[in-house]
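One-based numbering along the sequence shown. Nothing here was measured: the structure is a model prediction, and the numbers come from that model.
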Amino acid sequence: MKEYTVKDLTSIMQLLEGVYAPHQHKKLKDILFLVIGILLFSVYAGLLVPYNGIGASGTIGIGLIMQKYFGIPIGTTQLALNVPLFYIAYKYIGKQFLLLTGATIFASSFLINNLPNIVAPVELHDSLVAAIFCGIISGIAMSFLLIAGASTGGTDITGKFLAKRFKWSIPTVFLMQDILVYSLIWLTFDIQHVMYALIMSFVRNQTMKNIQRFFSAYIQCSIICLNPQEVVSAINSRLGRGSTIIEVEGGYSHQKQFMIILIIQQNELHTLKKIIAQTSPKSFITITNISNILGNFKEHSYEL
């Protein structure tokens, strides 16, 4: 077994910091998220869904229907259905989103149509396993594309539009849209296709939520220390976060100390720990996950 040196661990921590920090090497990371997202989505739509007896949502689900009745390739249907939606993307969502989504649609449509000719389609011979696996793959793909500022088009565009217009969460909007498409899948195929597609949709929804939580979950930190001004100054300069200082008294020692309370996101936790280790290593810290924040709070993480 390989023994890791301090240098190896330092390199790993620096890599994690780079992944967690959304503004460091942003263009490079956006390109990586975009490329990985396109590849995963193409594998999901081109090699998994059509060969495992499950339905799908969005333009891929409609593509399955068109392929069955008219023999039109799924990628071609996806491309054709997205053309009129570009107007919505341009007017209500943004030019950059439109350009990235257009590139994603053209690339993924080509790959979806041609991957089965290059790589053997994956037949898992178990629709339940296929539904779970497709949900994970599509959830990761869509999350990466949204982080990069793109989407797979179709109901992704309408989902982004509805989420922005009505302040709904994107995973919830996707689930609502899926139900509409699944009704058509039921009429075209059978109820089993819909049941497995619903399982896939649920898994995808949970995958996207977990990815969002991994990067940007809200955390309340309570720091009890003797030198609050030094700690707060470092927090302000390195994290750009506000905080509250409260004078407290130890119940056992009756020593006067100070409690710093602040809200950060998951990707900032490692930096906060480094700040505490450098400025007040003997501090007592508690970390609590919180679900919602109302008021003036700036997002410092990746957003779906």
Side-chain angles (χ1 to χ4, degrees), residues 34-89 98-127 129-131 133-142 144-146 148 150-160 174 177-190 192-201 204:
L34 189 67
V35 171
I36 295 172
I38 290 172
L39 290 174
L40 289 177
F41 183 78
S42 301
V43 169
Y44 147 76
L47 299 178
L48 289 170
V49 170
Y51 302 96
N52 286 283
I54 57 177
S57 60
T59 54
I60 301 302
I62 298 173
L64 289 171
I65 297 171
M66 298 298 288
Q67 186 179 57
K68 178 177 180 179
Y69 285 130
F70 305 104
I72 301 174
I74 295 173
T76 304
T77 301
Q78 178 188 236
L79 183 61
L81 290 175
N82 276 291
V83 172
L85 294 177
F86 286 162
Y87 173 75
I88 295 177
L98 171 62
L99 293 174
L100 292 173
T101 297
T104 299
I105 291 168
F106 279 102
S108 62
S109 296
F110 175 81
L111 289 173
I112 290 168
N113 285 347
N114 291 281
L115 271 179
N117 300 324
I118 302 171
V119 182
V122 182
E123 296 185 47
L124 298 176
H125 305 291
D126 187 326
S127 296
V129 173
F133 192 66
C134 285
I136 295 172
I137 294 295
S138 62
I140 296 173
M142 291 182 181
F144 280 12
L145 290 171
L146 290 169
S151 81
T152 56
T155 51
D156 285 359
I157 293 178
T158 56
K160 191 91 171 178
F174 282 167
Q177 293 180 140
D178 289 349
I179 293 172
L180 295 176
V181 178
Y182 293 153
S183 300
L184 298 175
I185 295 291
W186 186 356
L187 295 174
T188 303
F189 296 98
D190 55 37
Q192 284 189 332
H193 277 70
V194 177
M195 292 172 66
Y196 288 126
L198 286 171
I199 293 171
M200 179 183 69
S201 181
R204 182 181 66 197

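- Separation of atoms CG (L115) and CZ (F110) is listed at 9.0 Å; rounding is to 0.5 Å.
- Aromatic ring orientation, F41 versus Y44: tilted (interplanar angle from 30° to 60°).
- Within the 4.5 Å cutoff, side-chain heavy atoms of I112 are placed close to those of I60.
- Residue T77 holds its OG1 atom at 10.0 Å from CZ of F70, rounded to the nearest 0.5 Å.
- With sequence neighbours left out, N114 forms a side-chain hydrogen bond (donor to acceptor under 3.5 Å, both in side chains) with no residue at all.
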Exercise for the section: Evaluate the criterion side-chain contact (heavy atoms from CB on, under 4.5 Å) for residue pair K68 and I65; output intermediate values, then yes/no. Expected result: CA-CA 5 Å; K68 178 177 180 179; I65 297 171; 6.0 Å; no
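- Between the CG atom in L124 and the CG atom in L48 there is a gap of 6.5 Å [rounded to 0.5 Å].
- Contact detail for I185 and A56: the closest heavy-atom pair is CG1-O, 3.9 Å.
- Closest approach of C134 to V49, counting heavy atoms only: SG-CG2, 4.0 Å.
- S127 and I54 make their closest contact through O-CG2, 3.8 Å (heavy atoms, listed as atom of the first residue, atom of the second, distance).
- W186 contributes atom CH2, which lies 10.0 Å from atom CE of M195 (distance to the nearest 0.5 angstrom).
- Summarising the geometry of L100 relative to A148, their closest heavy-atom pair is CD1-O, 3.3 Å, with the distance given to 0.1 Å.
- Once rounded to the nearest 0.5 Å, the distance linking CD1 of I179 with OG of S201 reads 7.5 Å.
- Every side-chain hydrogen bond (donor to acceptor under 3.5 Å, both in side chains) that S57 has, sequence neighbours left out, goes to D178, R204.
- Looking only at distances, no side-chain donor or acceptor of N52 sits under 3.5 Å from a matching main-chain atom of A131.
- Counting all heavy atoms, side chain and backbone alike, L47 lies closest to V119 at CD2-O, 3.7 Å.
- Side-chain contact check for P50 versus L64: some heavy-atom pair is nearer than 4.5 Å.
- In terms of heavy atoms, G46 sits closest to P116 at O-CG, 3.4 Å.
- Here I62 contributes atom CD1 and Q67 contributes atom CD; the two are 14.0 Å apart, rounded to the nearest 0.5 Å.
- Under the side-chain hydrogen bond (donor to acceptor under 3.5 Å, both in side chains) criterion, S108 pairs with Q78, sequence neighbours left out.
- Among the candidates L34, L40, L39, I38, the single residue satisfying the side-chain contact (heavy atoms from CB on, under 4.5 Å) test with I36 is L40.
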